[in-house]
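Hydrogens, waters and symmetry mates play no part in the numbers below; they use all other heavy atoms, side chains included. One-based numbering along the sequence shown.
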Amino acid sequence: MARKMLIDGEMGKPDEADVHYDFDLFVIGAGSGGVRAGRFAANYGAKVGICELPFHPISSEVIGGVGGTCVLRGCVPKKILVYGAAFGGELEDARNYGWELNEKVDFNWKKLLHKKTEEITRLNGIYKRLLANAGVKLFEGEGKLVGPNEVEVTQLDGTKLCYSAKHILIATGGRAQRPNIPGQELGITSDEALSLEELPKRAVVLGGGYIAVEFASIWRGLGATVDLFFRKELPLRGFDDEMRAVVARNLEGRGINLHPRTNLTELIKTEDGMKVITDHGEELHADVVLFATGRIPNTKRLNLASAGVETDAMGAVKVDEYSCTNVPSIWAVGDVTNRMNLTPVALMEGTCFAKSVFGGQPSKPDYINVPYAVFCIPPLSVVGLSEEQAIEQANGDILVFTSTFNPMKNTVSGRQEKTAMKLLVDAETDKVVGASMCGPDAPEIVQGIAIALKCGATKAQFDSTVRFIISLPTLENL
């Protein structure tokens with residue numbers, strides 16, 4: 001029925017023959033995607049219920065919190081720590097700008113941690129108020145499916161509540177996974193890394209993705225010795241190879257020890273931390289070992305089989321282009337579907353779901369030219385295709401324009417760290433199909449460029465735009 005309604009544009013219109021349900025929509029998971037979908041559905045007049053685990057900065061199978069991964073244990077707290085860590089380099093650079101600083105500048109980790117916790121607690125409250133103001137009924141507890149139109153919520157005291165719903169939306173996100181090696185219980189994931197009681201002096205990070213390089217940058221910026229291990233020749237697999245090399249140079253320039261083509265095989269507890277063994281037979285000593293080895297969809301306890309919902313080999317919920325599962329009354333958005341695992345994308349998917357099901361506006365999420373950023377120090381940001389992707393997908397020639405320059409700020413501070421920018425252009429149409437930047441303020445700059453790509457801008461239009469040449473290079477070769 002939902003699929004037919006979707007095709008003929010009758011979404012959200014009441015059917016007098018329908019069975020009575022407790023809710024028009026019940027959402028399992030109150031992260032970014034779930035909250036957006038629930039609020040927008042309520043604004044269209046739907047009666048909406050939503051459930052989420054009780055709040056805690058470190059998630060588990062029984063604790064989580066309204067706001068989800070991004071707000072509570074992802075983007076927001078991570079960025080706060082990135083800001084804190086970046087001040088270390090800023091203070092060094094300030095000396096050549098006339099600031100007379102003592103040789104030793106103290107840093108209070110507990111104060112930063114307290115401020116971070118204050119902020120995510122505040123945001124948790126804001127998200128709850130957003131739901132309440134939209135008229136969404138919030139249940140604190142663990143939700144799971146009982147059938148195609150029924151959910152069960154286990155409350156904090158163990159009481160089980162059952163509700164029927166015309167539509168059910170799964171928005172439970174994902175969770176970090178650990179490698180299967182001896183001593184893996186001694187390591188931590190990004191959840192714990194955001195809430196460490198003590199700042200480590202010696203940190204080991206396993207992984208080559210954005211979480212790995214971000215935490216390596218954070219801990220190094222706050223003064224720790226950091227060793228980063230990853231399986232490939234360069235970190236950030238899947239990104240543009242040239243930009244990956246720039247990030248690697250910057251990480252090393254900031255004092256991070258890189259160990260390419262190296263894995264960890266065992267962790268052993270010691271009196272003053274742990275011993276780390278690599279697959280090359282190396283031994284290191286560390287206070288903390290972070291496993292940044294990927295995330296998996298959070299579906300284990302949802303009882304999906306009770307409703308016949310299909311998942312893939314990783315446990316991700318399979319959905320169509322409108323976020324509908326193989327069961328017409330059950331939908332899914334966000335990281336639990338393992339499509340494009342970014343918070344703004346989950347928001348887009350939640351919006352499209354609400355428009356489609358309750359707004360009478362069938363809407364598909366658009367994954368083309370979505371900008372994203374890696375908040376290492378300095379950050380990397382991209383939109384569109386990498387050079388490798390552009391060449392692979394092109395029907396004709398691809399023109400590559402690059403610029404590497406010393407930011408004006410660095411010419412006075414003396415920091416030896418260049419900014420790199422790159423544009424990829426379809427030679428036949430002159431359209432820009434990809435843009436990358438690694439350097440200060442890259443995320444803000446690239447998300448502005450993303451609008452141009454979304455509008456189909458050409459290289460000629462980029463060239464004809466007047467730029468602030470004191471902030472950016474003159475870009476004669478771009």
Side-chain angles (χ1 to χ4, degrees), residues 176-181 184 187 189-190 193 202-221 224-267 276-284 286 289-295 340-341 372-394 398 400-404 416-424 434-439 442 446:
Q177 61 179 342
R178 297 165 180 261
N180 185 22
I181 62 172
Q184 56 101 354
T189 69
S190 55
R202 304 164 300 174
V204 165
V205 180
L206 175 62
Y210 66 95
I211 293 176
V213 299
E214 287 170 347
F215 275 100
S217 291
I218 289 168
W219 283 332
R220 181 61 196 142
T225 298
V226 179
D227 288 87
L228 176 61
F229 294 83
F230 46 94
R231 291 180 297 176
K232 301 295 183 180
E233 183 63 31
L234 292 168
L236 299 176
R237 179 173 62 89
F239 286 75
D240 186 284
D241 285 349
E242 189 171 359
M243 305 308 287
R244 294 169 69 196
V246 172
V247 170
R249 287 197 299 271
N250 288 344
L251 293 174
E252 287 187 307
R254 295 268 174 163
I256 296 169
N257 304 312
L258 302 187
H259 302 264
R261 295 179 178 174
T262 308
N263 211 339
L264 304 188
T265 57
E266 186 176 6
L267 304 184
V276 180
I277 312 296
T278 77
D279 56 359
H280 297 320
E282 299 171 287
E283 294 186 4
L284 291 88
V289 175
L290 170 64
F291 295 132
T293 47
R295 297 175 65 84
M340 184 179 283
N341 297 340
Y372 47 104
V374 181
F375 289 98
C376 43
I377 303 174
L380 166 69
S381 192
V382 303
V383 63
L385 303 178
S386 67
E387 182 176 342
E388 293 72 30
Q389 291 170 331
I391 292 171
E392 181 181 344
Q393 297 178 24
I398 293 294
V400 181
F401 300 89
T402 62
S403 180
T404 302
Q416 299 301 305
E417 193 169 74
K418 294 187 180 297
T419 287
M421 302 182 74
K422 188 172 191 176
L423 286 183
L424 304 166
S436 303
M437 177 178 178
C438 185
V446 168

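- Phe230 has its side chain within reach of Pro260: a pair of non-hydrogen atoms, C-beta onward, lies under 4.5 Å apart.
- A 4.5 Å side-chain heavy-atom check between Val382 and Val446 finds every atom pair outside the cut-off.
- Nearest heavy atom pair, residue Thr293 against residue Pro179, reads OG1-CD, 3.7 Å.
- Residues Leu236 and Leu380 are in side-chain contact: their nearest non-hydrogen atoms beyond the backbone lie under 4.5 Å apart.
- Taking each heavy atom of Ala193 and Leu290 in turn, the nearest pair found is CB-CD1, 4.1 Å.
- Residue-environment remark: CZ (Arg237) stays at or below the threshold of 12 foreign heavy atoms within 6.0 Å.
- Across all their heavy atoms, Leu424 and Glu387 have their closest contact at CD1-N, 3.3 Å.
- A salt bridge is defined here as a Lys NZ or Arg NE, NH1 or NH2 lying under 4.0 Å from an Asp or Glu carboxylate O, and Arg244 with Glu233 fails to meet this definition.
- In this structure, Asn341 and Arg295 have side chains that are not in contact, with every pair of non-hydrogen atoms separated by 4.5 Å or more.
- Side-chain contact between Arg254 and Cys376 is absent, with no heavy-atom pair separated by less than 4.5 Å.
- By the salt bridge (Lys or Arg N to Asp or Glu O under 4.0 Å) test, Arg231 pairs with no residue at all, sequence neighbours left out.
- Counting only heavy atoms from C-beta outward, the side chains of Val213 and Val205 never approach each other to under 4.5 Å.
- When every heavy atom of Ala212 is checked against every heavy atom of Gly207, the shortest pair comes out as CB-O, 3.0 Å.
- Scanning all heavy atoms of the two residues, the minimum distance from Leu264 to Ile181 falls at O-CG2, 3.7 Å.
- Distance check, rounded to the nearest 0.5 Å: CG of Asp227 to CG of Leu284 gives 5.0 Å.
- In plain terms, the two heavy atoms of Val226 and Arg220 that are nearest each other are CG2-N, 3.6 Å.
- In terms of the side chain to side chain contact (heavy atoms under 4.5 Å, CB included) criterion, Glu392 has no residue partners (sequence neighbours excluded).
- His259 and Phe229 have parallel rings, their planes meeting at less than 30° on a 0 to 90° scale where 60° marks the start of perpendicular.
- Distance check: Arg261 CZ to Leu234 CG gives 9.0 Å after rounding to the nearest 0.5 Å.
- Contact annotation: the side chain of Glu388 approaches that of Asp240 to within less than 4.5 Å [non-hydrogen atoms, C-beta and beyond].
- The shortest side-chain heavy-atom distance between Leu251 and Ser217 falls under the 4.5 Å cut-off.
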